[in-house]
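Residue numbers start from 1 in every chain, and the chains themselves are labelled A, B, ... in the order their sequence lines are given, proteins ahead of strands.
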Amino acid sequence: MPNKAVQFRIEKTLSLVPRGKVVSYGLLADLCGLPGRARMMGKCLREISIDCNWHRVLRSDGKIAFPAGSEKAEEQRQRLITDGVLVKNYRVNMKKFGWTPDLLTILVELEY
DNA sequence: CACGTGACATACC
DNA sequence: GGGTATGCCACGT
């Protein structure tokens, strides 16, 4: 399993993502202090508890990363819809639903 | 050390 | 929008 501290950062960061908003793997990596390591996020998320906001993480183009039709993709789609996020063909409009974190919040909550 | 692989990203066509 | 090509980083073989 990947770095424990990284998982903690991910969970903490995800706890700040408001309901109805989503983040990309890349932005999540940035907020965790790991720029350029988007691919690492997925690896870590596999090991993280299901009650975190893992379903609010999408690819930069807004698509669900799991193969369309797979069980995980379906679950994520459902949870996003429950959040009030509009999901069309396993894709979300990032301009509309993409989370733009408040800078001050980041400094206070995530001072790494 | 050379590849292959992945819950990725960006640029182009 | 889709499809291809590169770049990227961590890990395993």
Next on the checklist: Is the shortest side-chain heavy-atom distance between Arg9(A) and Leu110(A) below 4.5 Å?
Outcome noted: no

Next on the checklist: Evaluate Trp99(A) against Leu16(A) for side chain to side chain contact (heavy atoms under 4.5 Å, CB included), listing each step before the verdict.
Outcome noted: CA-CA 10 Å; Trp99(A) 179 46; Leu16(A) 299 177; 3.9 Å; yes

Item to check | Residues in side chain to side chain donor-acceptor pair (under 3.5 Å) contact with Asn89(A), at least two apart in sequence or another chain | outcome: none

Item to check | Between P of dC8(B) and CZ of Phe66(A), the distance in whole Å | outcome: 9 Å

Checklist entry - How long is the span from the NZ atom in Lys43(A) to the CE atom in Met40(A), to the nearest 0.5 Å? => result 8.0 Å

Item to check | Among dG2(C), dA7(B), dA9(B), the one nearest Ser24(A) by side-chain distance | outcome: dA9(B)

Checklist entry - Going through the distances and angles, do Val85(A) and Ile81(A) end up as a side chain to side chain contact (heavy atoms under 4.5 Å, CB included)? => result CA-CA 5 Å; Val85(A) 176; Ile81(A) 291 173; over 6 Å; no

Checklist entry - Between dA9(B) atom C1' and Met40(A) atom CE, what is the distance in whole Å? => result 16 Å

Checklist entry - Whole Å only: how far is the CG atom of Leu45(A) from the C1' atom of dC8(B)? => result 12 Å

Next on the checklist: By nearest atom, which of the nucleotides dA10(C), dA7(B), dC8(C) is closest to the Arg39(A) side chain?
Outcome noted: dC8(C)

Show me the protein contacts with nucleotides 1-3 of chain B, counting only N or O atoms at under 3.5 Å.
none

Checklist entry - Between dT13(C) and dA7(B), how far is it from one C1' atom to the other, in whole Å? => result 23 Å

Item to check | Close approaches to DNA chain C from residues 28-38 of chain A, in residue order (heavy atom, under 4.0 Å) | outcome: Gly36(A), Arg37(A)

Checklist entry - Do Tyr25(A) and Arg39(A) pass the side chain to side chain contact (heavy atoms under 4.5 Å, CB included) test, and can you show the C-alpha distance, the side-chain angles, and the key distance before you say yes or no? => result CA-CA 7 Å; Tyr25(A) 291 89; Arg39(A) 304 189 85 119; over 6 Å; no

Item to check | Euclidean distance, atom CD of residue Glu75(A) to atom C1' of dA7(B) [Å, nearest integer] | outcome: 13 Å

Checklist outcome for this item: Rounded to whole Å, the OH-P distance (Tyr25(A) to dA10(C)) equals 18 Å

Item to check | Selection: residues 51-64 of chain A, any non-hydrogen atom under 4.0 Å of DNA chain B | outcome: Trp54(A), Arg59(A), Ser60(A)

Next on the checklist: Could you tell me how far apart Arg46(A) (CZ) and dC8(B) (C1') are, to the nearest whole angstrom?
Outcome noted: 14 Å

Checklist entry - Would a hydrophobic clustering, with Ile, Leu, Val, Met, Phe, Trp and Tyr connected at side-chain separations under 4.5 Å, put Leu27(A) with Tyr112(A)? => result yes

What donor-acceptor contacts under 3.5 angstrom involve side-chain atoms of residues 53-68 of chain A, with partners at least two apart or in another chain?
{"unit_1": "Asn53(A)", "atom_1": "ND2", "unit_2": "Leu14(A)", "atom_2": "O", "d": "2.9"}
{"unit_1": "Trp54(A)", "atom_1": "NE1", "unit_2": "Ile50(A)", "atom_2": "O", "d": "3.2"}
{"unit_1": "His55(A)", "atom_1": "NE2", "unit_2": "Asp83(A)", "atom_2": "OD2", "d": "2.8"}
{"unit_1": "Arg56(A)", "atom_1": "NE", "unit_2": "Asp83(A)", "atom_2": "OD2", "d": "2.7"}
{"unit_1": "Arg56(A)", "atom_1": "NH1", "unit_2": "Val17(A)", "atom_2": "O", "d": "2.7"}
{"unit_1": "Arg56(A)", "atom_1": "NH2", "unit_2": "Asp83(A)", "atom_2": "OD1", "d": "3.4"}
{"unit_1": "Arg56(A)", "atom_1": "NH2", "unit_2": "Asp83(A)", "atom_2": "OD2", "d": "3.3"}
{"unit_1": "Asp61(A)", "atom_1": "OD1", "unit_2": "Lys63(A)", "atom_2": "N", "d": "3.0"}

Next on the checklist: Is there a side chain to side chain contact (heavy atoms under 4.5 Å, CB included) between Leu86(A) and Lys96(A)? Walk through the geometry before answering.
Outcome noted: CA-CA 9 Å; Leu86(A) 179 59; Lys96(A) 215 187 194 89; 6.0 Å; no

Item to check | With Asn93(A) via side chain to side chain donor-acceptor pair (under 3.5 Å) - residues at least two apart | outcome: none

Item to check | Euclidean distance, Leu34(A) CG relative to Cys32(A) SG, rounded to 0.5 Å | outcome: 6.0 Å

